[in-house]
Structure formats: structure tokens, C-alpha cells
Amino acid sequence: MTPLTIAHLSDFHISAEHRRNHIRRARRALEYARSLGVDHVVVTGDITANGDPADYRIARSLFASAGLLDAGRLTVTIGNHDVFGGVHTAEEVLTFPGHCRVTDDKAKVREFGYAFRETFEHTLRHSDKRLFPFAKLLGDVALIGVNTVAAHSRFKNPIGSNGGVDDRSFELLVELLESPLLLAKRKIVVLHHHFCRMRDVLPSAAHSVWGAIERQTMKLHGKARLLKLFSRTQVHMVLHGHIHVSNEYIREGVRFVNAGGSVLHDRSDDLHITILRVDDAGCRAEIHRVPAHPLSLPQHASLPAEVPQAAMQQFAA
Ligand SMILES: [Fe+2]
Ligand SMILES: [Fe+2]
């Protein structure tokens with residue numbers, strides 16, 4: 001096969017209004033990927049903090065400056081922040097559930113698609129009206145984009161951060177993964193929500209009250225059927241974000257790479273840029289730990305995956 005190098009980034013949380021240092025960090029991450037001469041960049045959701053037009057304008061200009069507004073160079077998928085936004089001020093803690101309740105999630109998906117329209121060109125989709133799921137063929141690799149942002153539900157998804165794939169999208173995903181066009185391809189699924197248990201990657205979430213709330217509001221519903229599908233259709237790897245750490249793990253024989261900590265790592269100020277090398281030997285993931293400050297960029301250290309191979313484990317359900 002023709003080798004392919006992919007930079008996997010996630011969770012930029014770009015905002016025109018809040019925490020503008022995220023813009024600088026995202027720019028640095030893209031510059032770093034560019035300096036390595038990667039073939040393709042994948043960003044697995046939460047590209048913006050609120051999915052506002054001004055946020056998208058900034059994100060577009062970052063991708064354009066890096067020469068990435070092109071389907072052959074960039075693949076993006078949507079995250080919960082791109083649809084429902086997030087809480088940024090004390091007052092918003094009280095108003096946010098109401099905001100999620102009235103959010104038109106379908107309209108937000110359309111806005112996301114329009115903001116990054118060039119990257120969806122020439123993708124295989126059920127129809128032009130449906131953005132997800134899609135498949136993008138890059139030589140011997142097929143990237144399959146899935147929207148895992150669940151619709152608002154007063155009890156199951158009160159603040160919009162839980163995940164899920166509705167039945168119709170699941171059916172279309174089955175069709176895509178079973179398509180003869182993908183038969184000889186290395187299938188890499190690209191989505192936002194995680195398949196690991198939060199307490200395995202964020203020990204702080206294990207015992208505190210806040211951790212318990214986080215576990216209830218950071219779930220992917222319907223994980224089991226997705227896992228079964230990925231395993232049956234021989235998905236090579238699943239790329240995601242959502243939890244802001246970077247790691248690699250295996251579930252039900254399927255390999256997962258989380259780049260949620262690429263720009264906003266929960267435990268470190270450094271950027272954690274995941275580089276995937278896909279070739280005849282398989283697919284290797286390296287996490288490059290890069291100081292966020294431009295002056296120290298040339299001194300970057302390239303480290304193996306944050307979770308050592310020996311620690312990779314089959315997480316229990
Ligand atoms: Fe995020
Ligand atoms: Fe998220």
C-alpha cells in the first residue's frame with residue numbers, strides 16, 4: 001500500500017470570546033503537524049467552543065493559513081461543543097441546560113458542514129443533505145466520519161455532552177462499512193466520543209462528586225453495538241477526542257486513539273500531537289509532546305504513546 005501519515009488532533013475549543021489562548025495553541029499544533037510534512041490532518045470534534053459564526057471564522061482561517069481547507073488534506077468531525085456549546089461563565093451554569101433544550105441540533109450540524117464545506121467534497125454519503133456518516137478515500141485508506149453527538153434529552157442528555165448514534169445513522173454506517181468500495185481499504189473511523197471508562201484515563205473522575213457528575217454527562221450511549229460493528233467490519237482503528245487526554249487503548253479487539261489532549265491536555269501544558277503512520281506494516285501511533293511556546297518549538301521531544309504498550313488493556317464494559 002501507499003504509506004500515509006496522518007496528524008490526529010482534537011478539541012481545539014476555539015472561541016472568539018473566551019480563552020483566546022486556545023487559538024494560539026491550535027495554531028501551534030497545526031504548524032507542528034505541517035512542519036512534519038504529514039499527508040493529512042484529522043480533527044475529531046469540539047473544534048469550536050460554542051459553534052458560533054465568529055468561532056467558525058477563526059477556525060477556518062487557522063485551517064486556511066495551514067493550507068488545509070481541502071478534502072485531500074483535512075477531515076473533520078463534529079463534537080458536542082460544536083452543537084450545544086459549553087459553559088464559560090458562572091451565570092451560564094444556570095442557563096446552559098435551557099440553552100441545550102432549545103438548540104436546533106440539526107441546524108448546528110448544517111452550520112458545521114458549511115463552515116468546513118471544502119473538507120466534505122468528494123465524500124461518499126447517503127445524500128447531499130446528510131453530512132454524516134461519510135467515507136473519504138485516501139489511496140488505500142478509507143476515513144469514515146460519524147456524528148456521535150446525541151440529541152438533547154432532559155434525562156439522558158441534559159447538557160448535550162453525552163454521545164449516541166441514532167438508528168438511521170447507524171443503518172447508514174453499516175451500509176458504508178460493508179460497502180464493496182471499502183473492501184480492500186484500511187478503515188479508520190473518525191468520531192468524537194470515547195469508548196473507554198473515564199476513571200481509567202482520569203483517576204480524578206473516580207471518587208469525587210464532580211467525577212460522578214462528569215461520568216453521567218460524558219457517556220456514549222449504544223457503545224456495545226458500535227463496538228460489535230467495528231469489530232465485525234474489521235475497522236482498523238477508531239480516532240476520537242472528547243476526554244482531554246491523549247492515549248491509546250483496545251476494546252473488543254478494536255484499537256482506539258484519543259487525541260483529546262492535543263491542545264488542551266487536562267494534566268499538562270504541552271501540546272500532545274498524535275502522528276499515525278499507516279503502511280504495509282500496520283498503523284503506528286506516536287504521541288509527540290510539544291512545548292506550546294513558539295521559542296521552544298524546535299526542541300520538541302518525540303515520545304512514544306503516553307500509555308505504554310504494556311499498559312494497553314481490554315477495558316471491561
Ligand atoms: Fe472537548
Ligand atoms: Fe466533547
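As the structure lists them, so they are numbered: ligands from 1, and atoms in each ligand from 1. Bear in mind that the values here come from a model prediction, so they are computed numbers and not experimental data. Along the sequence shown, the residues carry numbers beginning at 1.
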(request) Return yes when at least one N/O/S atom of Asp46 is nearer than 2.8 Å to the Fe ion (ligand 2), and no when none is. (result) yes
(message) I'd like to know if Asp39 pairs up with Arg277 as an ion pair, taking the criterion as any Lys NZ or Arg NE/NH1/NH2 lying under 4.0 Å from an Asp or Glu carboxylate oxygen.
(response) no
(message) With respect to the Fe ion (ligand 2), please indicate if His193 possesses an N, O or S atom at a distance under 2.8 Å.
(response) no
(message) Can you tell me which N/O/S atom of His192 has the shortest distance to the Fe ion (ligand 2)?
(response) NE2
(request) Check whether any N, O or S atom of His81 sits under 2.8 Å from the Fe ion (ligand 1). (result) no
(message) Please name the atom of Asp11, limited to N, O or S, that comes nearest to the Fe ion (ligand 1).
(response) OD2
(request) Using a strict 4.0 Å threshold on nitrogen-to-oxygen distance, state whether Asp269 and Arg25 make a salt bridge. (result) yes
(message) Quiz question: by atom type and distance under 3.5 Å, do the side chains of His192 and Asp46 form a donor-acceptor pair?
(response) yes
(message) Count I, L, V, M, F, W, Y as connected when their side-chain heavy atoms are under 4.5 Å apart, and connections chain through other members. Are Val263 and Tyr56 then in the same cluster?
(response) yes
(request) State whether Ser161 contributes an N/O/S atom found under 2.8 Å from the Fe ion (ligand 2). (result) no
(message) Restricting to N, O or S, what is the name of the atom of His242 that lies nearest the Fe ion (ligand 2)?
(response) ND1
(request) Looking only at N, O or S atoms, find the one in His244 nearest to the Fe ion (ligand 1) and name it. (result) NE2
(request) Examine Phe120 and Tyr114 and state if one hydrophobic cluster contains both, with Ile, Leu, Val, Met, Phe, Trp and Tyr joined whenever side-chain heavy atoms are less than 4.5 Å apart. (result) no
(request) Give the ring-plane orientation class for His13 versus His244, where under 30° counts as parallel, over 60° as perpendicular and anything between as tilted. (result) perpendicular
